[in-house]
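Letters A, B, ... mirror the listed sequences (proteins, then strands); counts begin at 1.
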2 protein chains.
Amino acid sequence: MSKENYQNYKKHFINFYQRSRRLPSYAEMLSIFNFQSKNAVAKVVAKFVDEGLVGKDETGRLIAGPDMFGVRLLGTVQAGLPTTAEQEVGEALSLDEYLIEKKDKTYLLEVTGDSMIEAGINEGDLVIVEQGRAPKVGDIVIAEVDHEWTMKFLEKENGRMILKPANKNYPIIRPQGEMNIGGVVKGVARKY
Amino acid sequence: MSKENYQNYKKHFINFYQRSRRLPSYAEMLSIFNFQSKNAVAKVVAKFVDEGLVGKDETGRLIAGPDMFGVRLLGTVQAGLPTTAEQEVGEALSLDEYLIEKKDKTYLLEVTGDSMIEAGINEGDLVIVEQGRAPKVGDIVIAEVDHEWTMKFLEKENGRMILKPANKNYPIIRPQGEMNIGGVVKGVARKY
DNA sequence: TTGACAGGTGAACGAATGTACACTATAATG
DNA sequence: CATTATAGTGTACATTCGTTCACCTGTCAA
């Protein structure tokens, strides 16, 4: 099979996965690759497996490989980029997997206000919050004080927990009664 | 089926998806749910579909619903959080889908240095870079100047393009020869 | 010119798929 | 108590699955 054709198969294959979030069956590949014989499909799939695009689990079933759901991590900004030629370096990384550890205890919040701007958290960012984790000093926490929820650094002052913004223009909060911690900020995602 | 059991099925089901990145077959659910009859599985699956946990495509095949691969977006930090009771609000969001538009033209870079710290991009962050997009003034770009790659704001000065860091301690770069743009920064991801 | 090979067709096959129907036992309800 | 869902078993079945084998055809190198 010609190289261009193969890249085309690959493209259609990945497209299918993006749309349907599952791998196509052989019969489905038959039509998206425009083949007449399932055997032709089988040969293409074998190449996919060789290339690592897809894997096989213990039962022989196809599973998506890292390239199907992730993006390649190419290097560091100042260490230099690879050449503009075909980049086969770098491992594929899913941002979901990177940022979220305990999926069922994690939720997202959109940030309003600029009280954490010096910590690199801007208005409009999404913060990844994990519940049910004991917050440590230095963590960024989602806390309820006086029936209002805010995001601040958790610090200790004279043996008491205080909430410290990352913006000089905002005051440190020294909670009087009890403080309710809604979760610990584990990550930040921003889109331009 | 009791409520706790159902939640358990759901948990095992999602677990399977996380591990294998595909939905289990009925036979597989049979063993992970500890059933003897596939029909019992069918009934649980029907509930999954009702709940929207999974969907069915046009061929009747199961596909993962938003909850399977995303995380719930609950609200804004200062607007208040929902009560600690069962949170059925908020749509599920996949960070991959949120941050990455054109998958095949996107790659990740790890940030070293603090030249963009005032733009909320810290050392160790991952930036999501999209290639092949015409950079506009005000964009954060990955640029090659004097055989070295850096990340800076793209600005215009007297009709010429310049690179401006977001850190007062770094100088503005006024490229002499030609400047090579490796991509436009479309997003940032940070893990604590 | 011949042989090897890549790329594909076509048919056949056992295993696995999801669905359906009849039935049972337990729990909830009036 | 009788009744009615609920949750599950067991069996059967047509369909689809992925694999395999034999075969065809054009290309390219020896």
Round to a whole Å and report the spacing from CZ of Arg22(B) to P of dG18(D). 11 Å
For dG8(D), does either OP1 or OP2 sit under 4.0 Å from a side-chain N or O belonging to Tyr9(B)? yes
Quick one about Ser94(B) and Asp96(B) (side-chain donor to acceptor, distance below 3.5 Å, no hydrogens or angles considered), yes or no? no
Examine the side chains of Asp139(A) and Tyr192(B) and answer whether a donor and an acceptor come within less than 3.5 Å of each other. no
Nearest-Å distance for atom pair CG/C1', residues Asn34(B) and dT9(D): 14 Å
Would you indicate, yes or no, if dG8(D) has its OP1 or OP2 atom less than 4.0 angstrom from a side-chain nitrogen or oxygen of Gln36(B)? no
List every contact pair, protein side and nucleotides 13-18 of chain C side both N or O, where the distance is under 3.5 Å.
{"residue": "dT17(C)", "atom": "OP1", "partner": "Arg61(A)", "partner atom": "NH2", "Å": "2.7"}
{"residue": "dT17(C)", "atom": "OP1", "partner": "Ser25(B)", "partner atom": "OG", "Å": "3.0"}
{"residue": "dG18(C)", "atom": "OP2", "partner": "Tyr26(B)", "partner atom": "N", "Å": "2.7"}
{"residue": "dG18(C)", "atom": "N7", "partner": "Lys38(B)", "partner atom": "NZ", "Å": "2.6"}
{"residue": "dG18(C)", "atom": "O6", "partner": "Lys38(B)", "partner atom": "NZ", "Å": "3.2"}

Thr59(B) versus Asp57(B), side-chain donor and acceptor atoms under 3.5 Å: yes
Just by distance, with hydrogens left out, do Asn167(B) and Ser115(B) show a side-chain donor and acceptor under 3.5 Å apart? no
From OH of Tyr6(A) over to C1' of dG8(C), roughly how many Å is that when rounded to an integer? 17 Å
So if you build clusters from Ile, Leu, Val, Met, Phe, Trp, Tyr with side-chain heavy-atom gaps below 4.5 Å, do Phe16(A) and Ile63(B) land together? no
Starting from P on dC5(C), measure out to NZ on Lys47(A) and report it in whole angstrom. 15 Å
How many whole angstroms separate atom CG of Asn39(A) from atom P of dC17(D)? 16 Å
What is the distance, to the nearest angstrom, from the CZ atom on Phe48(A) to the C1' atom on dG18(D)? 16 Å
Are Glu97(A) and Arg21(B) close enough for a salt bridge, meaning some N to O gap below 4.0 Å? yes
Take atom NZ of Lys43(B) and atom C1' of dC23(C), then tell me their distance rounded to the nearest Å. 10 Å
Is there a donor and acceptor pair closer than 3.5 Å between the side chain of Ser37(B) and the base of dG8(D)? no
